[in-house]
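First the structure, in the form of C-alpha coordinates, and then the observations on it.
Here is the naming used below: chain letters follow the sequence lines, and residue numbers restart at 1 for every chain. Since we're looking at a predicted model, the values are computed, not measured.
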Number of protein chains: 2
Amino acid sequence: MSLAQLEYFVVVAEEGNLGRAAKRLHVSQPPLTRQIRALEDELGAPLFARTPRGMTLLPAGRRFLTHARDVLERLDRARGAVREASDIDEPTS
Amino acid sequence: MSLAQLEYFVVVAEEGNLGRAAKRLHVSQPPLTRQIRALEDELGAPLFARTPRGMTLLPAGRRFLTHARDVLERLDRARGAVREASDIDEPTS
DNA sequence: CGCGCCCATACCGATTGGGTATGGGAGCGC
DNA sequence: GCGCTCCCATACCCAATCGGTATGGGCGCG
(Lines give C-alpha, C1' and ligand atoms only; values in the text may rest on other atoms or scores of the structure.)
Protein backbone atom coordinates (compact mmCIF):
# COMPACT_ATOMS: atom_id res chain seq x y z
CA MET A 1 0.00 0.00 0.00
CA SER A 2 1.24 3.47 -0.84
CA LEU A 3 0.20 6.98 0.04
CA ALA A 4 -0.52 7.56 -3.63
CA GLN A 5 -2.95 4.67 -3.59
CA LEU A 6 -4.74 6.18 -0.61
CA GLU A 7 -5.06 9.52 -2.34
CA TYR A 8 -6.16 7.88 -5.57
CA PHE A 9 -8.75 5.90 -3.71
CA VAL A 10 -10.18 8.97 -1.97
CA VAL A 11 -10.47 10.93 -5.20
CA VAL A 12 -12.02 8.04 -7.11
CA ALA A 13 -14.51 7.59 -4.30
CA GLU A 14 -15.36 11.29 -4.45
CA GLU A 15 -15.67 11.43 -8.22
CA GLY A 16 -17.32 8.05 -8.63
CA ASN A 17 -15.55 7.86 -11.94
CA LEU A 18 -12.02 6.95 -12.98
CA GLY A 19 -11.85 9.45 -15.83
CA ARG A 20 -12.65 12.51 -13.76
CA ALA A 21 -10.50 11.26 -10.88
CA ALA A 22 -7.61 10.87 -13.31
CA LYS A 23 -7.92 14.48 -14.41
CA ARG A 24 -8.06 15.75 -10.84
CA LEU A 25 -4.97 13.70 -9.99
CA HIS A 26 -3.09 14.65 -13.16
CA VAL A 27 -2.53 11.06 -14.12
CA SER A 28 -4.06 8.99 -16.88
CA GLN A 29 -6.85 6.50 -16.32
CA PRO A 30 -5.00 3.17 -16.69
CA PRO A 31 -2.65 3.72 -13.74
CA LEU A 32 -5.71 4.47 -11.64
CA THR A 33 -7.37 1.23 -12.64
CA ARG A 34 -4.24 -0.65 -11.65
CA GLN A 35 -3.61 1.11 -8.36
CA ILE A 36 -7.19 0.75 -7.20
CA ARG A 37 -7.13 -2.91 -8.08
CA ALA A 38 -3.78 -3.37 -6.33
CA LEU A 39 -5.24 -1.72 -3.25
CA GLU A 40 -8.24 -4.02 -3.29
CA ASP A 41 -5.98 -7.03 -3.78
CA GLU A 42 -3.81 -6.06 -0.85
CA LEU A 43 -6.78 -5.42 1.41
CA GLY A 44 -8.33 -8.67 0.30
CA ALA A 45 -11.68 -7.15 -0.52
CA PRO A 46 -13.20 -5.10 -3.35
CA LEU A 47 -13.85 -1.48 -2.43
CA PHE A 48 -15.88 -0.44 -5.46
CA ALA A 49 -18.62 -1.91 -7.58
CA ARG A 50 -17.85 -1.37 -11.27
CA THR A 51 -20.97 -0.29 -13.09
CA PRO A 52 -21.42 0.99 -16.63
CA ARG A 53 -21.96 4.40 -15.01
CA GLY A 54 -18.78 4.42 -12.98
CA MET A 55 -17.37 3.23 -9.68
CA THR A 56 -19.60 3.16 -6.63
CA LEU A 57 -18.34 2.46 -3.12
CA LEU A 58 -19.13 -0.86 -1.51
CA PRO A 59 -19.64 -1.07 2.28
CA ALA A 60 -16.01 -2.01 2.82
CA GLY A 61 -15.02 0.94 0.66
CA ARG A 62 -17.17 3.33 2.68
CA ARG A 63 -15.50 2.20 5.86
CA PHE A 64 -12.07 2.47 4.34
CA LEU A 65 -12.71 5.94 2.97
CA THR A 66 -13.07 7.51 6.38
CA HIS A 67 -9.84 5.98 7.58
CA ALA A 68 -7.97 6.81 4.39
CA ARG A 69 -8.86 10.47 4.77
CA ASP A 70 -7.78 10.29 8.37
CA VAL A 71 -4.37 8.93 7.42
CA LEU A 72 -3.84 11.64 4.81
CA GLU A 73 -4.90 14.35 7.22
CA ARG A 74 -2.51 13.08 9.88
CA LEU A 75 0.22 13.07 7.31
CA ASP A 76 -0.40 16.74 6.62
CA ARG A 77 -0.14 17.44 10.32
CA ALA A 78 3.15 15.56 10.42
CA ARG A 79 4.55 17.80 7.72
CA GLY A 80 3.20 20.81 9.56
CA ALA A 81 4.88 19.75 12.77
CA VAL A 82 8.28 19.83 11.10
CA ARG A 83 7.62 23.25 9.60
CA GLU A 84 6.65 24.54 13.03
CA ALA A 85 9.81 23.14 14.51
CA SER A 86 11.98 24.84 11.93
CA ASP A 87 9.99 28.06 12.39
CA ILE A 88 11.15 28.05 15.96
CA ASP A 89 14.74 27.88 14.81
CA GLU A 90 14.23 30.39 12.02
CA PRO A 91 11.25 32.56 12.98
CA THR A 92 10.87 34.86 9.99
CA SER A 93 13.83 33.92 7.80
CA MET B 1 7.18 10.74 1.02
CA SER B 2 6.31 7.08 1.32
CA LEU B 3 4.93 4.86 4.04
CA ALA B 4 8.19 2.92 3.99
CA GLN B 5 10.07 6.13 4.74
CA LEU B 6 7.83 6.77 7.73
CA GLU B 7 8.42 3.30 9.09
CA TYR B 8 12.15 3.53 8.40
CA PHE B 9 12.26 6.84 10.21
CA VAL B 10 10.46 5.51 13.27
CA VAL B 11 12.74 2.50 13.59
CA VAL B 12 15.90 4.53 13.07
CA ALA B 13 14.70 6.96 15.72
CA GLU B 14 14.07 4.07 18.08
CA GLU B 15 17.39 2.34 17.45
CA GLY B 16 19.47 5.48 17.19
CA ASN B 17 21.59 3.59 14.73
CA LEU B 18 21.24 2.77 11.04
CA GLY B 19 22.82 -0.66 11.29
CA ARG B 20 20.47 -2.02 13.94
CA ALA B 21 17.50 -0.36 12.29
CA ALA B 22 18.45 -2.03 9.02
CA LYS B 23 18.42 -5.44 10.66
CA ARG B 24 15.05 -4.84 12.27
CA LEU B 25 13.63 -3.70 8.95
CA HIS B 26 15.23 -6.52 6.96
CA VAL B 27 16.90 -4.14 4.57
CA SER B 28 20.54 -3.19 4.22
CA GLN B 29 22.01 -0.01 5.59
CA PRO B 30 22.55 2.05 2.39
CA PRO B 31 18.85 2.22 1.43
CA LEU B 32 18.15 3.50 4.93
CA THR B 33 20.71 6.26 4.58
CA ARG B 34 19.11 7.30 1.32
CA GLN B 35 15.49 7.13 2.45
CA ILE B 36 16.14 9.08 5.62
CA ARG B 37 17.98 11.71 3.67
CA ALA B 38 15.21 11.84 1.05
CA LEU B 39 12.69 12.33 3.84
CA GLU B 40 14.71 15.16 5.32
CA ASP B 41 15.11 16.76 1.92
CA GLU B 42 11.39 16.61 1.26
CA LEU B 43 10.52 18.03 4.66
CA GLY B 44 13.12 20.72 4.20
CA ALA B 45 14.78 20.11 7.55
CA PRO B 46 17.21 17.58 9.04
CA LEU B 47 15.59 15.19 11.50
CA PHE B 48 18.72 13.56 12.90
CA ALA B 49 22.13 14.69 13.99
CA ARG B 50 24.79 12.31 12.63
CA THR B 51 27.34 11.54 15.26
CA PRO B 52 30.18 9.02 15.27
CA ARG B 53 28.00 7.06 17.73
CA GLY B 54 24.88 6.98 15.58
CA MET B 55 21.84 9.04 14.73
CA THR B 56 20.19 11.17 17.40
CA LEU B 57 16.90 12.97 16.93
CA LEU B 58 16.86 16.72 16.49
CA PRO B 59 13.93 18.76 17.83
CA ALA B 60 12.19 18.66 14.44
CA GLY B 61 12.70 14.91 14.39
CA ARG B 62 11.20 14.50 17.82
CA ARG B 63 8.11 16.37 16.74
CA PHE B 64 7.86 14.40 13.54
CA LEU B 65 8.23 11.08 15.32
CA THR B 66 5.00 11.43 17.22
CA HIS B 67 3.08 12.25 14.08
CA ALA B 68 4.74 9.54 12.03
CA ARG B 69 3.67 6.92 14.56
CA ASP B 70 0.20 8.37 14.49
CA VAL B 71 -0.01 8.03 10.71
CA LEU B 72 1.15 4.42 10.83
CA GLU B 73 -1.29 3.57 13.57
CA ARG B 74 -4.18 5.10 11.64
CA LEU B 75 -3.13 3.10 8.65
CA ASP B 76 -3.42 -0.10 10.66
CA ARG B 77 -6.89 0.93 11.71
CA ALA B 78 -7.80 1.54 8.09
CA ARG B 79 -6.78 -2.01 7.21
CA GLY B 80 -8.69 -3.28 10.19
CA ALA B 81 -11.82 -1.43 9.12
CA VAL B 82 -11.86 -3.29 5.81
CA ARG B 83 -11.37 -6.64 7.53
CA GLU B 84 -14.27 -5.86 9.83
CA ALA B 85 -16.43 -4.98 6.90
CA SER B 86 -15.68 -8.23 5.14
CA ASP B 87 -16.21 -10.11 8.40
CA ILE B 88 -19.75 -8.83 8.35
CA ASP B 89 -20.25 -10.32 4.90
CA GLU B 90 -18.40 -13.52 5.75
CA PRO B 91 -18.66 -13.99 9.52
CA THR B 92 -16.53 -17.05 10.18
CA SER B 93 -15.48 -18.23 6.72
C1' DC C 1 48.89 2.33 13.92
C1' DG C 2 45.47 -1.28 13.32
C1' DC C 3 40.81 -2.52 14.30
C1' DG C 4 36.00 -1.78 15.11
C1' DC C 5 31.90 0.84 14.60
C1' DC C 6 29.58 4.41 12.51
C1' DC C 7 27.31 6.78 8.12
C1' DA C 8 27.86 8.12 3.05
C1' DT C 9 28.59 7.23 -1.87
C1' DA C 10 29.04 4.65 -6.37
C1' DC C 11 27.29 1.50 -9.14
C1' DC C 12 24.10 -2.16 -10.84
C1' DG C 13 20.01 -5.08 -11.47
C1' DA C 14 15.10 -5.73 -10.42
C1' DT C 15 10.76 -3.80 -9.49
C1' DT C 16 7.36 -0.30 -9.83
C1' DG C 17 4.77 3.23 -11.98
C1' DG C 18 2.95 6.04 -15.54
C1' DG C 19 1.99 6.79 -20.57
C1' DT C 20 -0.18 5.56 -25.24
C1' DA C 21 -2.97 2.51 -27.79
C1' DT C 22 -6.68 -0.47 -27.83
C1' DG C 23 -10.59 -3.45 -26.62
C1' DG C 24 -15.23 -4.58 -24.85
C1' DG C 25 -19.68 -3.67 -22.42
C1' DA C 26 -23.80 -0.61 -21.80
C1' DG C 27 -26.91 3.16 -22.85
C1' DC C 28 -28.91 6.62 -26.28
C1' DG C 29 -30.63 8.75 -30.59
C1' DC C 30 -31.97 7.94 -34.99
C1' DG D 1 -29.72 -2.31 -35.64
C1' DC D 2 -26.04 1.24 -36.32
C1' DG D 3 -23.18 4.56 -34.79
C1' DC D 4 -21.76 7.48 -31.10
C1' DT D 5 -20.47 8.13 -26.43
C1' DC D 6 -19.02 7.05 -21.96
C1' DC D 7 -17.43 3.81 -18.95
C1' DC D 8 -13.46 0.47 -17.11
C1' DA D 9 -9.84 -3.14 -18.32
C1' DT D 10 -5.74 -4.88 -20.73
C1' DA D 11 -1.30 -4.94 -23.44
C1' DC D 12 2.83 -3.04 -24.16
C1' DC D 13 6.75 0.20 -23.46
C1' DC D 14 9.79 3.41 -21.22
C1' DA D 15 11.45 6.04 -17.18
C1' DA D 16 11.93 6.40 -12.34
C1' DT D 17 12.45 4.19 -7.97
C1' DC D 18 14.30 0.96 -4.78
C1' DG D 19 17.25 -2.34 -2.76
C1' DG D 20 21.71 -4.89 -2.84
C1' DT D 21 26.99 -5.30 -2.91
C1' DA D 22 31.25 -3.00 -2.68
C1' DT D 23 33.76 0.65 -0.96
C1' DG D 24 35.34 4.90 1.28
C1' DG D 25 36.08 8.13 5.16
C1' DG D 26 35.55 9.84 10.06
C1' DC D 27 36.27 8.69 14.84
C1' DG D 28 37.55 6.23 19.14
C1' DC D 29 40.24 2.72 21.57
C1' DG D 30 43.74 -0.45 22.92
Side-chain angles (χ1 to χ4, degrees), chain A residues 1-62 64-65 68 71-72 75 79 82, chain B residues 1-62 64-65 68 71-72 75 79 82:
Chain A
M1 188 175 326
S2 72
L3 292 168
Q5 285 173 345
L6 290 181
E7 193 179 348
Y8 289 1
F9 166 75
V10 170
V11 173
V12 170
E14 285 173 1
E15 297 291 340
N17 177 310
L18 285 182
R20 276 194 300 275
K23 286 198 172 162
R24 237 178 90 184
L25 290 163
H26 303 106
V27 295
S28 58
Q29 171 254 317
L32 273 187
T33 297
R34 286 191 302 252
Q35 295 296 335
I36 296 293
R37 171 163 286 281
L39 182 59
E40 291 175 322
D41 287 351
E42 184 177 342
L43 290 172
L47 302 172
F48 291 102
R50 276 74 168 172
T51 77
R53 319 277 268 174
M55 318 266 290
T56 62
L57 279 174
L58 295 174
R62 265 190 289 276
F64 189 68
L65 178 57
V71 170
L72 296 174
L75 185 68
R79 290 191 232 259
V82 173
Chain B
M1 189 176 324
S2 72
L3 292 168
Q5 284 174 346
L6 290 181
E7 194 179 349
Y8 288 1
F9 167 75
V10 170
V11 173
V12 169
E14 285 173 1
E15 297 292 341
N17 176 309
L18 285 182
R20 278 194 300 274
K23 287 197 171 160
R24 237 179 89 183
L25 289 164
H26 303 106
V27 295
S28 58
Q29 170 254 318
L32 274 187
T33 297
R34 285 191 302 252
Q35 295 297 334
I36 296 294
R37 170 163 288 282
L39 182 59
E40 291 176 322
D41 286 352
E42 183 177 342
L43 291 172
L47 302 172
F48 291 102
R50 275 77 169 170
T51 78
R53 320 277 267 174
M55 317 265 291
T56 62
L57 279 173
L58 295 174
R62 265 191 287 278
F64 190 68
L65 178 57
V71 169
L72 295 174
L75 185 68
R79 290 190 232 260
V82 172

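Pairing each heavy atom of Pro46(A) with each of Ala60(A), the nearest pair is O-CB, 4.0 Å.
If you measure from atom NE2 of His26(B) to atom P of dG19(D), you get 14 Å, rounded to the nearest angstrom. Look at CG on Leu32(A): it is 15 Å from P on dT10(D), rounded to the nearest Å. Rounded to whole Å, atom P of dC6(C) lies 15 Å from atom CZ of Phe48(B). Nucleotide dT9(C) holds its C1' atom 14 Å from the CZ atom of Arg50(B), rounded to whole Å. Atom CG of Asp41(B) is separated from atom C1' of dT9(C) by 15 Å (rounded to the nearest Å). Residue Met1(A) contributes atom CE, which lies 13 Å from atom P of dG17(C) at whole-angstrom precision. Between the CE atom of Met55(A) and the P atom of dC6(D) there is a distance of 19 Å, given to the nearest Å. Atom CG in Leu47(B) sits about 16 Å away from atom C1' in dC7(C), given to the nearest Å.
Side-chain nitrogen and oxygen atoms of Gln35(B) include none within less than 4.0 Å of the OP1 or OP2 phosphate oxygen of dT17(D). Side-chain N/O atoms of Asn17(A) include one lying less than 4.0 angstrom from OP1 or OP2 on dC8(D). For dA9(D), one of the phosphate oxygens OP1 or OP2 lies less than 4.0 angstrom from a side-chain nitrogen or oxygen of Thr33(A). Remark: Ser28(A) is in phosphate contact with dG19(C), judged by side-chain N or O atoms under 4.0 Å from OP1 or OP2.
A 6.0 Å sphere centred on CZ of Arg24(A) holds more than 12 heavy atoms belonging to other residues, nucleotides or ligands.
Leu18(B) pairs in a side chain to side chain contact (heavy atoms under 4.5 Å, CB included) with only one of the listed residues (Arg50(B), Lys23(B), Met55(B)), which is Met55(B).
The side chain of Leu18(A) lies closest to dA9(D) when the candidates are dC7(C), dA9(D), dG20(D).
If Tyr8(A) and Gly16(B) are placed on DNA chain C by their nearest nucleotide, the residue sitting closer to the 5' end is Gly16(B).
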For this session: Start with the C-alpha distance between Leu39(A) and Tyr8(A), add both sets of side-chain angles, then the distance that settles side-chain contact (heavy atoms from CB on, under 4.5 Å), and finish with yes or no.
Result: CA-CA 10 Å; Leu39(A) 182 59; Tyr8(A) 289 1; over 6 Å; no
Exercise. Taking it one step at a time, do Leu47(B) and Ile36(B) satisfy side-chain contact (heavy atoms from CB on, under 4.5 Å)?
Worked result: CA-CA 9 Å; Leu47(B) 302 172; Ile36(B) 296 294; 5.8 Å; no
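Pairs of residues two or more places apart, or lying in two chains, that qualify as ring-ring contact (aromatic ring centres under 6.0 Å, His included) and include a residue from residues 35-55 of chain A are Phe9(A)-Phe48(A).
Applying the 3.5 Å distance criterion, the base of dG19(C) shares a donor-acceptor pair with the side chain of Arg34(A).
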For this session: Could you run through nucleotides 21-30 of chain C and give me one letter per nucleotide, 5' to 3': B if any protein heavy atom sits under 4.0 Å from the base, S if only the sugar-phosphate is that close, - if neither?
Result: B----S----
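Side chain of Glu42(A) to backbone of Met1(A): a donor-acceptor contact under 3.5 angstrom is found.
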